[in-house]
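Since the structure comes first, as structure tokens, the remarks are kept for the end.
The analysis underlying the following values was restricted to heavy atoms, covering all of them including side chains, and did not include hydrogens, waters or symmetry mates. Treat the numbers as computed from the prediction; the structure is a model and nothing was measured. All ligand and atom numbering here is 1-based and tracks the order in the structure.
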Amino acid sequence: MTPGSPDGSRPLSDRVRTALTSVVDPEIRRPITDLGMVRSVDVHDGGRVTVGVDLTVAGCPMKSTLVRDVTAAVEALDDVTGVDVQLGVMTPEQRQALRSQLRGGAGDPVIPFAQPGSLTKVYAIASGKGGVGKSSVTANLAAAMADDGLSVGVVDADIYGFSIPRMLGVDRQPTRVDSMLLPPIEHGVKVVSIGMFVPAGQPVVWRGPMLHRALEQFLADVFWGDLDVLLLDLPPGTGDIAISVAQLLPGSEILVVTTPQAAAAEVAERAGSIATQTSQGVVGVVENMSWLEQPDGTRLEVFGAGGGQHVADRLGATLGTAVPLLGQVPLDVAVRAAGDDGTPVVLSDPDSAGARVLRDVARSLAGRSRGLAGMRLNLSPVAG
Ligand SMILES: Nc1ncnc2c1ncn2[C@@H]1O[C@H](COP(=O)(O)OP(=O)(O)O)[C@@H](O)[C@H]1O
Ligand SMILES: [Mg+2]
């Protein structure tokens, strides 16, 4: 240490506590010192330091990361000759306090994105039929936005065909802190899926009210933190979940995914036009599987042409607002393979034609101001 320097003159235990403010809980993504996780700091003769850290829950999957980060932060200090991290677990009272702190003091779970003044853009990804690439588009938009530095969450609300965890490479369950869920984070994206709550290989047979409740839980009980963007991967068609999304998230906007095929486009248009009933906006249309580029550079239009533009035009006419065709994503082995491997193509092969289009779409969605569609539903006459 440098005698008389401003830092060196402070007691080592103080400097250890300051150093610990740089350690961030890997799940909650806030400093452990703000979360009440640092139980004790003891400095022993000779410069050995023992740090007591209380985990939110026993068996926290990230505990080795925490031990490593705490050790590294303290070891870097002058005068420290060794670090011991003693793990404990928060008491139920501490957890309760943490929960209400994370919820901004609110006792009961509320859906943060439905509160007036929420700055999170919410996009519900819809399609008429399955297999058109809705989940691939969702996973890639999320990964691209996170890669651009945004805070992004994804809810896989496709109860019967959940595929988001695989596409984003998530193989972990959310961590439960009593009634609060900390979502796994992969490629910088917070991910929650119905697939995380059903035993593998078991069919999900849930009806409307149960689906509504499950979605409500995803939105309210999960600790999302401050998100810039929340994406919801909806089941195909115009089912109960689409209605629930509109009710639970009145400010959400719909992004329609279709292939160029006329038959797909017709049902996609129906899925999009649900917005007229729910007062949601349609942010645009993404056409997927638009063509296959041949070795000679020509385009083979496997599923025909024009479906995306057609859906955009028709929805625009129905809704009375311009609905843009945001992009045309070609058929590309890289898109499929990346999804299977759990690293979306915008990250694994960013220069491929498909990745470039998906990145452009992500940027145009992220750059918009939050949609106002449906917001008036939140206002009562006396609210001024
Ligand atoms: N542009 C594309 N090029 C090649 N394969 C694609 C493309 N988009 C999607 N796929 C593949 O098509 C299948 C269906 O896509 P998916 O995103 O699961 O559709 P949905 O969610 O609409 O059912 C997946 O195997 C996916 O990897
Ligand atoms: Mg899907």
I'd like the name of whichever of [options] reaches closest to [atom] through any heavy atom.
atom: atom 26 (C) of ligand 1; options: S136, S163, S290; value: S136
atom: atom 7 (C) of ligand 1; options: V335, T259, V257, L331; value: V335
atom: atom 1 (N) of ligand 1; options: N288, D156, V357; value: N288

Contact bool for atom 13 (C) of ligand 1 (protein heavy atom, d < 4.0 Å)
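Protein heavy atoms within 4.0 Å of atom 13 (C) of ligand 1 - there are none.
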Nearest protein heavy atom to [atom], by residue and atom, and its distance?
atom: atom 18 (O) of ligand 1; result: M167 CE, 3.5 Å
atom: atom 19 (O) of ligand 1; result: G133 N, 2.9 Å
atom: atom 10 (N) of ligand 1; result: M289 CE, 3.7 Å
atom: atom 22 (O) of ligand 1; result: K134 N, 2.8 Å
atom: atom 23 (O) of ligand 1; result: G131 N, 2.7 Å
atom: atom 3 (N) of ligand 1; result: D332 N, 3.0 Å
atom: atom 25 (O) of ligand 1; result: R336 CG, 4.0 Å

Between [X] and [Y], does any side-chain N to carboxylate O distance fall below 4.0 Å?
X: D25; Y: R29; answer: no
X: E75; Y: R68; answer: no
X: R15; Y: D78; answer: no
X: R363; Y: D148; answer: yes

Looking at the Mg ion (ligand 2), is there an N, O or S atom belonging to S163 that lies under 2.8 Å away from it?
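No N, O or S atom of S163 is closer than 2.8 Å to the Mg ion (ligand 2), so no.
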Which ligand 1 atoms, with their elements, are less than 4.0 angstrom from a heavy-atom of [X]?
X: P330; answer: 1 (N), 2 (C), 3 (N)
X: S135; answer: 17 (O), 20 (P), 21 (O)
X: G130; answer: 23 (O)

Report yes if the side chains of [X] and [Y] come closer than 4.5 Å at any heavy-atom pair, otherwise no.
X: S252; Y: Q280; result: yes
X: V89; Y: R95; result: yes
X: I243; Y: I274; result: yes
X: F223; Y: V177; result: no

Proximity to ligand 1 by part of P236, non-hydrogen separation under 4.0 Å:
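Answer for P236: neither.
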More than 12 heavy atoms from other groups under 6.0 Å of CG on D340:
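Yes, CG of D340 has more than 12 neighbouring heavy atoms, counting only those of other groups under 6.0 Å.
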Which is it for R314 and E269 under the salt bridge (Lys or Arg N to Asp or Glu O under 4.0 Å) test, yes or no, and what are the steps along the way?
CA-CA 7 Å; R314 292 292 299 265; E269 186 192 328; 3.5 Å; yes
